[in-house]
2 protein chains.
Amino acid sequence: MSQRHTDVSVQFGDHACALAEVVDRVSGKWAIGVLVAAAAGPIRFTELERAVEGISRRMLTLTLRNLERDGLLTRTVYPVVPPKVEYELTDVARELNESLAGLTAWAERHRTTIALARKEYDAQHGNG
Amino acid sequence: MSQRHTDVSVQFGDHACALAEVVDRVSGKWAIGVLVAAAAGPIRFTELERAVEGISRRMLTLTLRNLERDGLLTRTVYPVVPPKVEYELTDVARELNESLAGLTAWAERHRTTIALARKEYDAQHGNG
DNA sequence: CGGTATCCGAGCCGATACTG
DNA sequence: CAGTATCGGCTCGGATACCG
């Protein structure tokens with residue numbers, strides 16, 4: 001299994017370290033998407049594949065395994081044919097989603113500002 | 001200039017997308033560390049280098065440029081000898097730090113739980 | 001349906017050396 | 001003091017093909 005995250009080891013005593021760890025967890029191109037898609041309730045593999053636009057089967061699997069590993073979601077296999085697997089957020093993950101709300105608010109407040117800042121920066125310094 | 005982040009383009013309409021963008025911004029091994037180190041007030045390059053344990057000159061520069069590009073910090077050059085450059089968080093970044101507080105709280109609440117979940121997962125599935 | 005295996009390019013990041 | 005340049009390893013992540 002590939003997908004080992006960067007070693008965000010202890011850079012400072014406590015605060016920043018814990019924060020860096022959680023950010024590292026929801027980093028990567030797909031984790032947030034999966035977390036949000038699963039927020040509504042139990043969801044199947046193929047449903048996730050459709051919900052998270054652009055994700056490949058491989059990356060969905062890896063992302064799910066990582067989240068499962070961190071105890072953020074559960075994987076339930078139903079022994080039926082055709083196979084059926086459901087993923088569901090744990091309570092911990094639901095709390096995480098709530099904690100992320102503040103961040104989402106910030107993002108939506110300053111979205112255009114940041115886009116503008118980028119444009120300016122790229123204009124002044126050479127990026128084209 | 002290297003350091004182009006992964007393309008977290010529109011995966012779903014609004015919410016998750018904005019969130020994914022901000023997470024992408026504070027991703028990478030060092031951004032959080034720099035953000036936290038600069039939270040106390042204006043800080044010089046070398047001070048940052050010491051504050052963010054383990055960071056290289058190169059990565060500090062790249063991280064600073066990215067944050068500056070996104071309008072999260074300002075770079076002030078004082079024309080003196082020896083050179084003096086100060087970095088300071090913008091108001092937007094300060095708001096961001098506040099929004100991150102909820103996340104930090106979550107991280108500290110569930111830190112051990114998650115570490116445990118990992119251990120269990122790695123024990124059951126083969127990771128060794 | 002729900003995965004895995006393999007190949008491969010792109011970019012992050014560290015080490016090292018050099019500069020105004 | 002505050003950077004930049006270059007090289008190279010490693011991992012992330014896409015494409016494709018295959019399996020129970």
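So that the names make sense, note that chain A is the first sequence line, chain B the second, and so on, each numbered from 1.
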| task | Give the rounded distance in Å between these two atoms: CG of A:L64 and P of C:dT4. | result | 10 Å
| request: Answer yes or no: is there a donor N or O on one side and an acceptor on the other, between the side chain of A:T90 and the main chain of A:L72, under 3.5 Å? | output: yes
| Protein-nucleotide distance (B:M59, atom CE; C:dG14, atom P), rounded to Å | 6 Å
| field | B:Y87 side chain near D:dC1 phosphate (N/O to OP1/OP2, under 4.0 Å) | value | no
| request: Rounded off to whole Å, could you give me the CH2-to-C1' distance for the A:W30 and D:dG13 pair? | output: 9 Å
| query | Starting at CG of B:L62 and ending at P of D:dA2, how long is that distance when rounded to a whole Å? | reply | 17 Å
| message | Treating primed atoms plus P, OP1 and OP2 as sugar-phosphate and everything else as base, which nucleotides of nucleotides 15-20 of chain D get B, S or - for protein heavy atoms under 4.0 Å? | response | B----B
| note | Atom CZ of B:R65 and atom P of D:dA5 are separated, to the nearest Å, by 11 Å
| If you round to the nearest 0.5 Å, how far is CZ of A:R25 from CG of B:L103? | 11.0 Å
| said: Tell me the interatomic distance from A:E49, atom CD, to D:dG14, atom P, rounded to whole angstroms. | reply: 13 Å
| Nearest-0.5 Å distance that lies between atom NZ in B:K119 and atom CD1 in B:I114 | 13.5 Å
| field | Rounded distance [0.5 Å steps], CZ in B:R94 versus OG in B:S99 | value | 13.5 Å
| field | B:E68 CD - D:dA2 C1' separation (whole Å) | value | 14 Å
| remark: Looking only at C:dG14, D:dG14, D:dG3, the nucleotide nearest the B:K29 side chain is C:dG14
| query | Atom CZ of A:F45 and atom P of C:dT4: how far apart are they, to the nearest Å? | reply | 8 Å
| request: Considering non-hydrogen atoms only, spot the tightest contact between B:A18 and A:R111 and give its length. | output: N-NH2, 3.9 Å
| For the side chain to side chain contact (heavy atoms under 4.5 Å, CB included) test, which of B:M59, B:R65, B:R58 pairs with B:T61? | B:R65
| message | Is A:T46 close enough to C:dG2 that one of its side-chain N or O atoms is under 4.0 Å from OP1 or OP2 there? | response | yes
| B:W106 side chain near A:V22 side chain, heavy-atom distance below 4.5 Å | yes
| request: Classify the nucleic acid contact of A:Y78 as base, sugar-phosphate or nothing, counting any heavy atom under 4.0 Å across all strands shown. | output: nothing
